[in-house]
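The structure appears below as structure tokens.
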Amino acid sequence: MKRPRVRFAPSPTGFLHVGGARTALFNWLYAKKFDGDFLLRIEDTDRARSTDESTRAIFEGLEWLGLTWDEEVVYQGANVERHYADAHRLLDSGAAYRDFTPPAETERLRHEAEARGDAYRFDRDTATLSDAETAEKLARHEPYAIRFKVPDGVTEWHDVVHERIAFPNRDIEDFIILRSDGTPVYNMAVVSDDIAMGITLVMRGDDHISNTPKQILLYRALGAEVPQFGHVPMIHGADGKKLSKRHGATAVGDYQHLGFLPQSMLNFLALLGWSPGDDTEVMQLPELIERFSMHGLHAKAAIFDTKKLEWMNGQHLALIPIAELAHIVAPLFETAGLATVAELESRREWFHGVLELLRVRARLTDEIVQLATTFFGETVAYDAEAIGKQWRDAAVTGEILQATHDRLATLESWEPTAMEDALRKLAEEKGISGGKIFQPLRVALTGKTVSPGIFEVLLYVGREHSLARVAAAVAFLKQDA
RNA sequence: GGCGGUAUCGUCUAGGGGACUAGGACACAGCCCUCUCAAGGCUGGAACACGGGUUCGAAUCCCGUUACCGCUACCA
């Protein structure tokens, strides 16, 4: 059995699209699972649209996801000489022919047919010239394109995800493989490169299904072994249309910056169009490799559901080792102006404790940063809503907070169970419920009605700052009353 | 228009002729837990596109219809 070789071949005309990322993922999983190679080829033959920036974005996106490639990146543009040679090989063997028809003329015919409502197909006969005519045009250096001579018959293959697909050859026109300026056309370049790279399975998007019969014909005419093909479905937006910019974020980089973890993205993408066959949903990369099979691949287009992605991210946020999370999130704290990475590192235990508190309450890493503001800074801004809800009676609340402050101040150890014992006892003495103490206290400490457990907040805000915040709240209420 | 592909809850899916009263997850609603919020647990509503076959028996196999998607370039 030959070593499996698969590739991901994006054109660098934009950022790494989530659909592309998923295609890359399936190829990558296949390579890992079946002990093969995962290669990357940049299809940059469309020089007008290709940019270095896009190429970089593709690398970055793939690297962020951890989908690393096994050999040096192949740039299609570097192989045009081989593409050219292969096209001429087909010309020489009679599998292709010269087409001297000016592009404008072909275009005119096409428009005419369309206007009549007919299906246009290039007419081989009009381009067929006698040897003498050809020699004459050649002598005059008239430009020509090379067209592939599509043979009679039916071209079919066993698609890894769709089973059998067949195209009657009469529905395939004699397509151009080399433009009149000598540059190769997509299908020629792809086949030439896939042969040269020794690709054994071409796994790509559904939108390439109609290219496949042309490519199979090319493999055969070139005398090359035809690889396996697998066409994975498209990813659609909520409206059922191909996912595009107007659906919002479509680049994997967008999701990175929105606060998603790469493992969530991978897990979510894997489940769009593939299923392990049972109810398992949350999986890490090793498990994905372990469970990956072609059998679980789907033929149906899937709609990208951001809500489920968010849930998935919440799951992975809860699972990721805390040190790893800290590493990802610390720079975000720095850009938010909360603390520098170095400061956080110097209070490692405390920082990890804070993250432990917040990770379960957040779905995005950005949310963790937002929620964490409570644990930084000297002053607290009180939400109007929080005041209205928990501090209605300024006099009574001020008194309770003062008592709370005093009781906490007497504590020997700044430790949750001791705090809870003390404050529950206080509530009992006053004949009120615990909530009557905890809720106003929460507003005093955080300015908000919601937060992690009040004793954890006290612990991580710290004794000094907590007492100061409560005192400040008492003062605020006094002035208010 | 031609060609190709697809069709299970709103969404992602399980399902490979009998185990289907069609299972799970997201979302939604309610309840429990509880100092609030999450997380978690429980409960609920919600689907086999339609029509024909094949078969003792069909969500599962076949055909047709419909709908949706893709391709239809000297773009990739």
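Numbered from 1 within each chain, the chains take letters A, B, ... in sequence-line order.
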| message | Check whether A:Phe175 forms a cation-pi arrangement with A:Arg147 (NZ or CZ under 6.0 Å from the six-membered ring centre, at most 45° off the ring normal). | response | no
| message | Side chains of A:Arg47 and A:Thr183 only: does a donor on one sit below 3.5 Å from an acceptor on the other? | response | no
| message | As a test of reading the structure: which of B:C3, B:A39, B:C71 is closest to the side chain of A:Pro168, going by heavy atoms? | response | B:C3
| query | Between A:Glu173 and A:Lys214, is there a side-chain N and carboxylate O pair less than 4.0 Å apart? | reply | no
| Charged N-O contact under 4.0 Å between A:Asp193 and A:Arg82 | yes
| task | Classify the angle between the aromatic ring planes of A:Tyr186 and A:His208 as parallel (below 30°), tilted (30 to 60°) or perpendicular (above 60°). | result | parallel
| said: Please give the distance between the C1' atoms of B:A58 and B:C3 as a whole number of Å. | reply: 31 Å
| task | Calculate the interatomic distance between A:Phe167 atom CZ and B:G5 atom C1'; express it in whole Å. | result | 8 Å
| request: Quote, to the nearest angstrom, the C1' distance that separates B:C33 from B:G45. | output: 24 Å
| task | Would you indicate what A:Lys436 reaches in the nucleic acid, counting non-hydrogen atoms under 4.0 angstrom: base, sugar-phosphate, or nothing? | result | nothing
| task | For B:A22, give its Watson-Crick or G-U wobble partner with both distances under 3.5 Å, or none. | result | none
| message | Under 4.0 Å, counting only non-hydrogen atoms across every strand here, what does A:Thr101 touch: a base, just sugar-phosphate, or nothing? | response | base
| remark: Regarding the side chain of A:Lys308, the nearest nucleotide among B:C74, B:U8, B:C26 is B:C26
| message | Any carboxylate oxygen within less than 4.0 angstrom of a Lys/Arg side-chain nitrogen, looking at A:Lys430 and A:Glu399? | response | yes
| field | Atom pair distance, as rounded to whole Å: CG in A:Asp239 and C1' in B:C69 | value | 12 Å
| In whole Å, what separates the C1' atom of B:G5 from that of B:C42? | 42 Å
| query | Watson-Crick or G-U wobble partner for B:C9, using a 3.5 Å limit on both distances? | reply | none
| Base paired to B:G1 (Watson-Crick or G-U; both N/O distances under 3.5 angstrom) | B:U72
| field | Worked verdict on A:Asp174 versus A:Arg124 for salt bridge (Lys or Arg N to Asp or Glu O under 4.0 Å) | value | CA-CA 7 Å; A:Asp174 285 354; A:Arg124 187 184 299 169; 2.6 Å; yes
| said: Need the pair for B:U65. Rule: Watson-Crick or G-U wobble, both distances under 3.5 Å, any strand; none if unpaired. | reply: B:A49
| message | Under 4.0 Å, heavy atoms only, any strand: does A:Thr449 hit a base, just the sugar-phosphate, or nothing? | response | base
| query | Under 3.5 Å, is there an N or O donor on one side and an acceptor on the other linking the side chain of A:Asp171 and the base of B:G4? | reply | no
| said: Any residue in residues 264-276 of chain A with a heavy atom nearer than 4.0 angstrom to RNA chain B? Just list them by number, or reply none. | reply: A:Leu271, A:Leu272, A:Gly273, A:Ser275
| query | When A:Phe268 is tested against each of A:Phe260, A:Trp274, A:Tyr255, A:Phe304 for ring pair (Phe, Tyr, Trp, His ring centres under 6.0 Å), which residue passes? | reply | A:Phe304
| note | Picking from B:U13, B:C74, B:A25, the nucleotide nearest the side-chain atoms of A:Ala302 would be B:U13
| query | For B:C71, does either OP1 or OP2 sit under 4.0 Å from a side-chain N or O belonging to A:His231? | reply | no
| query | Separation of A:Lys448 atom NZ from B:A38 atom P, in whole Å? | reply | 15 Å
| Paired with B:G44 by Watson-Crick or G-U wobble geometry, both distances under 3.5 Å: which nucleotide is it? | B:C28
| said: In terms of relative ring orientation, are A:His231 and A:His162 parallel, tilted or perpendicular, with 30° and 60° separating the classes? | reply: tilted
| Sole candidate of A:Thr51, A:Asp46, A:Thr45 that passes side-chain hydrogen bond (donor to acceptor under 3.5 Å, both in side chains) when paired with A:Arg49 | A:Asp46
| query | Out of B:G24, B:U36, B:C74, which nucleotide sits closest to the side chain of A:Arg361? | reply | B:U36
| Span that lies between the C1' atom of B:A67 and that of B:A25, in whole angstrom | 27 Å
| message | Under 4.0 Å between a side-chain nitrogen and a carboxylate oxygen: does that hold for A:Arg359 and A:Glu367? | response | no
| message | Determine whether a donor-acceptor pair (one donor, one acceptor, N or O, separation below 3.5 Å) exists between the side chain of A:Asn211 and the base of B:A76. | response | yes
| Which nucleotide in the set B:C74, B:C12, B:A25 lies at the smallest distance from any side-chain heavy atom of A:Arg110? | B:C74
| said: Partner lookup for B:A39, please. Criteria are Watson-Crick or G-U wobble with both distances under 3.5 angstrom; report none if nothing qualifies. | reply: none
| Nearest-nucleotide 5' precedence on RNA chain B, A:Asp279 against A:Thr183 | A:Asp279
| request: Mark up nucleotides 28-35 of chain B, 5' to 3', with B wherever a protein heavy atom is under 4.0 angstrom from a base atom, S wherever such an atom reaches only the sugar-phosphate, and - elsewhere. | output: -------B
| Are OP1 or OP2 of B:U6 and a side-chain N or O of A:His162 less than 4.0 angstrom apart? | yes
| task | Side-chain contact test, heavy atoms from C-beta onward, threshold under 4.5 Å: evaluate it for A:Arg204 versus A:Val232 and give yes or no. | result | no
| request: Quick one: sort the A:Phe476 and A:Trp391 rings into parallel, tilted or perpendicular, breaks at 30° and 60°. | output: tilted
| Is there a donor and acceptor pair, one atom on the side chain of A:Ser210 and one on the base of B:C3, closer than 3.5 Å? | no
| task | Classify the nucleic acid contact of A:Gly205 as base, sugar-phosphate or nothing, counting any heavy atom under 4.0 Å across all strands shown. | result | nothing
| remark: Rounded to whole Å, the CG-P distance (A:Asn187 to B:C74) equals 12 Å
| query | What is the nucleic acid contact for A:Thr45, judged by heavy atoms within less than 4.0 Å: base, sugar-phosphate only, or nothing? | reply | sugar-phosphate
| When rounded to the nearest Å, what value does the distance between P atoms of B:A14 and B:A49 take? | 14 Å
| task | Pick base, sugar-phosphate or nothing for A:Ile176, based on heavy-atom distances below 4.0 Å to the nucleic acid. | result | base
| Rounded to whole angstrom units, what separation is found between the CD atom of A:Glu385 and the C1' atom of B:C37? | 12 Å
| message | Once you apply a heavy-atom cut-off of 4.0 Å, does A:Ala166 come out as touching a base, just sugar-phosphate, or nothing? | response | sugar-phosphate
| said: Whole angstroms only, please: what is the CG-C1' distance between A:Leu309 and B:C26? | reply: 11 Å
| said: Suppose you measure atom C1' in B:U11 against the same atom in B:A47; what distance do you get, rounded to whole Å? | reply: 12 Å
| query | Are any of the side-chain nitrogens in A:Asp194 or A:Arg41 under 4.0 Å away from the carboxylate oxygens of its partner? | reply | yes
| message | Is there a side-chain contact between A:Gln315 and the phosphate of B:A38, meaning an N or O under 4.0 Å from OP1 or OP2? | response | no
| note | In whole angstroms, the gap separating P of B:U13 from CG of A:Leu297 amounts to 11 Å
| message | Does a side-chain N or O of A:Arg147 approach OP1 or OP2 of B:C74 to a distance below 4.0 Å, or not? | response | yes
| Rounded to the Å, how far apart are A:His298 NE2 and B:U8 P? | 10 Å
| request: Could you check which of B:A76, B:U11, B:C68 has an atom nearest any side-chain atom of A:His208? | output: B:A76
| message | Roughly how many Å apart are B:G24 and B:A38, using the P atom of each and rounding to a whole number? | response | 24 Å
| field | Pairwise C1' distance for B:U21 and B:A7, with rounding to whole Å | value | 25 Å
| How do A:Arg363 and A:Pro102 order along RNA chain B: which one's closest nucleotide is nearer the 5' end? | A:Arg363
